[in-house]
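Note sheet for the following structure.
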There are 2 protein chains.
Amino acid sequence: MTRPRPERSAASQLAASGRRLTTPRKAVLEALGRADGPLTIEEIWEAVPDVGRATVFRTVKLLLELGLICRVVLENGSVRYVPATPDHHHHFICSGCGAVEEFQHPPIDEAIRTLAESAGFELSGHAVELYGRCRHCRAATPD
Amino acid sequence: MTRPRPERSAASQLAASGRRLTTPRKAVLEALGRADGPLTIEEIWEAVPDVGRATVFRTVKLLLELGLICRVVLENGSVRYVPATPDHHHHFICSGCGAVEEFQHPPIDEAIRTLAESAGFELSGHAVELYGRCRHCRAATPD
DNA sequence: CACAGTACTGAGACCTGGTATCATTTCGCC
DNA sequence: GGCGAAATGATACCAGGTCTCAGTACTGTG
Ligand SMILES: [Mn+2]
Ligand SMILES: [Mn+2]
Ligand SMILES: [Zn+2]
Ligand SMILES: [Zn+2]
């Protein structure tokens, strides 16, 4: 007997707000899934030839709101998108290969909470992005 | 007897790279100093009537590179600028009054270093931005 | 099945933050 | 004062992103 559990599939996430998992939406999601790194909007668009540009923008915004994808801000300020783990996490972005690794590390969040408390801030959210070189890139060019 | 110490004035920072502290640059810096919160480029431009738009952009970029001002990314993604403390710090951004408070909190940086080490990342930088309501806004509308 | 109503779509006009160009001005230095 | 480098303002331009709108795809109700 299958116990009912909170549904997290894209379709049900969308359905919960009266939306549908349409062909263009599925295509964008799959394009991001296939890619081995974060994509720009333009790259998504290229990967999804029959979808209009406006629809790509609309879809990315929607998927962001639903938490199905993440916006990643590179060190130079440009933004790209990756499929998301739905849980709270942060990003490490490799300047060598462009890979994005999600991580979670309770001590960081803990330290943030502690600081906010002692400073009298009421936190609604926080962003932590790390920049540097990943294990693979270090191995490739140790220097 | 005044001991020579590392000069950090805007003028000397600029001079160090063969640049000059010109009237427009001084004006932009002063506009940011006068403001009681972070400004957009457009707001800076309005505050500095005789300076061309391109020069405002150029100046902001230059002051950023020199670390004389900070780019602050709001929760909605829009960007604003504030005068900077030259030391390493992070930002707390109040969604109530828009104020930006700088803070530094070694445990956060410590936790980040620890994580990076254990994950095999070679860090080149990191960003931490906190969002929420400041002490004053909480007092005003405790809700 | 017919039909009504809503969600969604693509094309293209449009808007806006930012850059490139270039002729002119400012400034430090001799 | 005169020279060359740095800086400036006007303006054309570009790139991301949004808006509009007429048409399409679904959903669900009878
Ligand atoms: Mn993510
Ligand atoms: Mn700052
Ligand atoms: Zn890498
Ligand atoms: Zn506040």
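All chains are named by letter (A, B, ...) in the order of the sequence lines, taking the proteins before the strands, and each is independently numbered beginning at 1.
- For B:E110, the side chain to side chain donor-acceptor pair (under 3.5 Å) test picks out B:R113, with sequence neighbours left out.
- For B:R53 against D:dG9, a side-chain-to-base donor-acceptor contact under 3.5 Å is absent.
- In the hydrophobic clustering of this structure, B:I69 groups with B:L21; members are Ile, Leu, Val, Met, Phe, Trp, Tyr whose side-chain heavy atoms approach within less than 4.5 Å, directly or through other members.
- Phosphate contact (OP1/OP2 of D:dG17, side-chain N/O of A:K61, threshold under 4.0 Å): absent.
- The other residues sharing a hydrophobic cluster with B:I108 are A:F92, A:F103, A:I108, A:I112, A:L115, A:F121, A:L123, A:V128, A:L130, B:F92, B:F103, B:I112, B:L115, B:F121, B:L123, B:V128, B:L130, where clustering joins ILVMFWY side chains under 4.5 Å apart.
- Not a single side chain to side chain contact (heavy atoms under 4.5 Å, CB included) links A:A15 to another residue, sequence neighbours left out.
- Pairs of residues two or more places apart, or lying in two chains, never qualify as salt bridge (charged side-chain N to carboxylate O under 4.0 Å, His left out) while including a residue from residues 11-25 of chain A.
- Annotation: ring-ring contact (aromatic ring centres under 6.0 Å, His included) contacts involving residues 45-83 of chain A, sequence neighbours excluded, are absent.
- Applying the ring-ring contact (aromatic ring centres under 6.0 Å, His included) rule to B:H126 yields the partners B:H88, B:H90; only residues at least two apart in sequence or on another chain are considered.
- The interatomic distance linking A:F57 (CZ) with D:dT18 (P) rounds to 7 Å, in whole Å.
- B:D50 meets the side chain to side chain contact (heavy atoms under 4.5 Å, CB included) test with no other residue; sequence neighbours excluded.
- Residues from residues 28-48 of chain A placing a heavy atom under 4.0 Å of any atom in DNA chain D, listed by number, are A:I41.
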Task: Protein proximity profile, nucleotides 3-9 of chain C - base contact B, sugar-phosphate-only contact S, no contact -, cut-off 4.0 Å on heavy atoms - done: ----BSB
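- Recorded end-axis angle for the helix from C:dC1-D:dG30 to C:dC30-D:dG1 stands at 30°, based on five pairs per end and rounded to 10 degrees.
- Sorted by first and then second residue, the salt bridge (charged side-chain N to carboxylate O under 4.0 Å, His left out) pairs involving residues 57-85 of chain B (not counting sequence neighbours) are B:E43-B:R80.
- For residues 131-140 of chain A, every residue pair satisfying the salt bridge (charged side-chain N to carboxylate O under 4.0 Å, His left out) rule, not counting sequence neighbours, is listed here: A:R133-A:D143, A:R133-B:E122, A:R138-B:E122.
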